[in-house]
Amino acid sequence: MNIQTILETQLNPSYKGIPSDTGPVAIGEVLHQGWNILREDLSLPLLLLKQSALDDNRRWMQSFLRTSGLQLAPHGKTPMAPQLFQLQLADGAWGLTCATGDQLRIYRQFGVSRILMANQLVGRKHIQFVLDELKRDPAFDFYCLVDSTEGVQLLDLAIQQQGLARPLQVLVECGVAGKRTGCRDLQSARDVMQSVVATEGRLALRGVEGYEGVIQGDTPEAIVDAQDAFYDRVLQVLEEGRREGWFGEGELILSLGYTGTLDRVWQLKSEMDPADPVTVVVRSGCYLTMDSVAYQNAYAAMCQRTPAMKDIRPAPRAALELWGYVASRPEPGLAIIQFGRRDCPYDKGLPVPECWHRPGANEPPAAFPADCSFAGLYDQHAVLLIPPDHPLTIGDLVGAGISHPCAAFEKWQWVPIVDEEYNVVDAIRTYF
């Protein structure tokens, strides 16, 4: 498949957001429909992307990479939207990161040629798919993680049974005690690296990976200290592999970082010898859309820790908004909005009321006062607290910022892209 396949996808009223009086419309024809969100041309609730913010976030990341010297393999699991993958690769991404075999399959269907699987490759069908793709396509550059000798042996056995003319490239994963996957100490990492070498070339050790996003602490300073200790251990593993000559020929990879720790990996990179040939790859996926809570807070924390982050312009901003109708004003100071947990992520914070609009009003949406907030979500309703004398009434439109893009996209099969006047100028399709 290719992007043209997506552009030919027919949207119809079975998709959330497409009203019942709209016939099938190809995604590639959405920009010609003259739709406008504020004019109620589409059905609400509806998640949308703001084109200007999307463009700013792309430029911000490009500036950051030029300044830091880091490479980017964005985690495509955030939007699972091949049209956005295409933008990221066009912007110069080193590759794309996936987490699961199903995500990997979608990437390959749309021609992604370099993939870092930031997970263990397990499962007969998933392993078979990777080996088949490596045989079929000599240009396919694939990496996965290993954190145990058993995992290495599982992959090695599959290669011996199915055959593979070139090595399967792996990175040893360093983890955090009590959290997710990864070797917990230097000796475990040594054992894994030695087991890769023992495969006699069927697997090739190509670097080291870690994910510091699971590190927690009572204070920001405690988190930084714990991250520093983690980075030290990751670098110890890297140096151990170098000293022993365990890494295979070619590009040596050190992969760390998510959207909330880009500054920390930048600092680590800046402390390395400029002549060191290691490629440091960050895996930020949420930079493209950011959000109005979790990642805005993460960006503010990065700027506080590393003031030079503020010099990288344009500053990233939330590109995602969720819109819904006011369904009820059952009490003074209370409005019930027609979107809920089926439409909106809630694992990293409730949505944030941004603006509202009265249908038919010939003016842009009005901002909510600072003392407005969402108090809770039901399956299909949100509880909005507003001043008792606020003019919001039944049938008005409410726009909200969200927290955690990964959990937002998965609830929508398609997402319109709008300009500053909320005209629909494009659309993407997701693959969850």
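Index from 1, following the sequence. Please read these numbers as outputs of a predicted model, since none were measured by experiment.
Taking the six-membered ring wherever Trp is involved, the centroid distance between the rings of Tyr346 and Phe374 does not fall below 6.0 Å. With ring centers used as reference points, Tyr258 lies under 6.0 Å from Tyr211.
Ring-plane geometry between Tyr143 and Trp94 is classed as tilted, the angle between the planes lying from 30 to 60 degrees on a 0 to 90 degree scale. Relative orientation of the Phe368 and Trp356 rings is tilted, given thresholds of 30° and 60° on the angle between their planes.
Using modelled atom types and a 3.5 Å distance limit, the side chains of Ser188 and Asp191 yield no donor-acceptor pair. Checking Ser255 against Arg283 by side-chain atom types alone, a donor-acceptor pair falls below 3.5 Å. With no hydrogens or angles considered, a side-chain donor-acceptor pair links Ser14 and Asn12 at under 3.5 Å. In this structure, a donor-acceptor pair under 3.5 Å is present between the side chains of Gln120 and Glu173. Judged purely by distance below 3.5 Å, without hydrogens or angles, the side chains of Trp60 and Gln62 never pair a donor atom with an acceptor atom. Gln71 and Thr279 are not linked by any side-chain donor-acceptor pair at a separation below 3.5 angstrom, with hydrogens and angles left out of the test.
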* Asked: Please walk me through it: do Val280 and Met272 pass side-chain contact (heavy atoms from CB on, under 4.5 Å)?
  -> CA-CA 10 Å; Val280 183; Met272 297 173 69; 4.0 Å; yes
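No salt bridge links Lys411 with Asp343; every basic N to acidic carboxylate O contact stays at or beyond 4.0 Å.
When each of Asp55, Asp56, Asp291 is tested with Arg317 by the rule salt bridge (Lys or Arg N to Asp or Glu O under 4.0 Å), just one qualifies, namely Asp56.
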